[in-house]
Amino acid sequence: MYAIIQTGGKQYKVEKGTVLRVELLDAQPDAIVSLDPILLVKEDGTVSNEKITVKAKVIEHGKGEKLDIFKYKPKKNYRRRMGHRQPFTKIEITEVA
């Protein structure tokens with residue numbers, strides 16, 4: 001049995017035991033969160049969009065790898081360098097029921 005969930009503007013295929021890195025959630029580590037909305041459920045070969053609950057345990061919060069942003073305009077002496085590290089939450093799916 002698996003489900004397609006949406007969080008942080010992205011869609012994920014999840015099963016029990018799946019570990020994901022999603023956009024930053026407002027929850028403490030070791031907290032249980034309920035993920036909504038559930039877009040699709042597949043169980044025993046049948047696809048439906050029935051109401052189920054997907055619960056996940058927050059493992060940790062962190063920052064992703066650094067991205068370098070460099071803006072440049074030729075012949076104009078314009079150069080700008082900036083970096084970015086996207087915050088994330090690492091979760092483990094504990095229940096799909």
Side-chain angles (χ1 to χ4, degrees):
M1 171 182 211
Y2 71 85
I4 306 292
I5 62 164
Q6 182 175 353
T7 180
K10 298 173 183 70
Q11 298 175 0
Y12 300 94
K13 176 183 172 184
V14 297
E15 297 178 273
K16 185 176 179 180
T18 305
V19 176
L20 298 172
R21 286 173 57 163
V22 298
E23 296 290 322
L24 189 65
L25 297 175
D26 186 24
Q28 297 297 324
D30 293 330
I32 303 295
V33 293
S34 180
L35 300 173
D36 288 323
I38 309 324
L39 304 175
L40 180 109
V41 177
K42 183 171 182 185
E43 181 176 13
D44 299 329
T46 60
V47 177
S48 66
N49 59 357
E50 63 187 36
K51 294 295 180 185
I52 64 165
T53 59
V54 175
K55 296 192 181 206
K57 178 183 176 187
V58 176
I59 298 173
E60 66 178 350
H61 298 290
K63 288 186 177 182
E65 59 187 49
K66 185 170 184 176
L67 300 176
D68 287 326
I69 294 102
F70 186 71
K71 296 180 180 181
Y72 171 78
K73 293 186 181 177
K75 301 176 186 170
K76 302 296 181 192
N77 197 21
Y78 175 80
R79 294 175 182 89
R80 298 291 181 264
R81 169 168 263 145
M82 189 178 1
H84 176 73
R85 293 181 68 190
Q86 183 69 28
F88 69 88
T89 299
K90 190 173 184 181
I91 60 173
E92 178 182 3
I93 305 300
T94 58
E95 179 184 351
V96 178

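Excluded from the calculations below are hydrogen atoms, water molecules and symmetry mates; all remaining heavy atoms, backbone and side chain alike, are included.
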Which residues pass the side-chain contact (heavy atoms from CB on, under 4.5 Å) test with K42, not counting sequence neighbours? Y2, V47
Could you tell me which residues satisfy side-chain contact (heavy atoms from CB on, under 4.5 Å) with S48, sequence neighbours excluded, listed by chain and number?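 In terms of side-chain contact (heavy atoms from CB on, under 4.5 Å), with neighbours along the sequence ignored, S48 is linked to V41, E50.
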Hydrophobic side-chain clustering at under 4.5 Å (ILVMFWY, transitive links): who's grouped with [X]? Put none if nobody.
X: Y72; answer: F70
X: Y78; answer: none
X: M82; answer: I69

Interatomic spacing from CD in Q6 to CD1 in I38 - rounded to 0.5 Å: 10.0 Å
I need the I5 CD1 to L40 CG distance, nearest 0.5 Å.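 Answer rounded to 0.5 Å: 12.5 Å.
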Check for me, please, whether [X] and [Y] land in the same ILVMFWY cluster - side-chain distances under 4.5 Å, paths through other members count.
X: M1; Y: L35; answer: yes
X: I59; Y: V33; answer: no
X: I52; Y: I4; answer: no

For side-chain contact (heavy atoms from CB on, under 4.5 Å), just list the numbers for I91 and T7, CA-CA rounded to whole Å, side-chain angles, deciding distance to a tenth of an Å, and then say yes or no. CA-CA 12 Å; I91 60 173; T7 180; 5.8 Å; no
Side-chain donor/acceptor of R85 to backbone N/O of E65, under 3.5 Å: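 It does not hold such a pair.
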Results of salt bridge (charged side-chain N to carboxylate O under 4.0 Å, His left out) for K66 - residues two or more places apart only: none
Not counting sequence neighbours, which residues clear salt bridge (charged side-chain N to carboxylate O under 4.0 Å, His left out) with E43? List them please. none
Does anything in residues 87-97 pair up under side-chain hydrogen bond (donor to acceptor under 3.5 Å, both in side chains), and if so which pairs, sequence neighbours excluded? H61-T89
Considering non-hydrogen atoms only, spot the tightest contact between A3 and V96 and give its length. CB-CG1, 4.3 Å
Pairs under 3.5 angstrom only: tabulate donor-acceptor contacts from the side chains of residues 14-27 to other protein residues two or more places apart or in another chain.
unit_1: T18; atom_1: OG1; unit_2: E15; atom_2: N; d: 3.0
unit_1: T18; atom_1: OG1; unit_2: E15; atom_2: O; d: 2.8
unit_1: E23; atom_1: OE1; unit_2: Q86; atom_2: NE2; d: 3.1
unit_1: E23; atom_1: OE2; unit_2: K10; atom_2: NZ; d: 2.8

Return the set of residues passing side-chain hydrogen bond (donor to acceptor under 3.5 Å, both in side chains) with R79 (not counting sequence neighbours), or none when no residue passes. N77
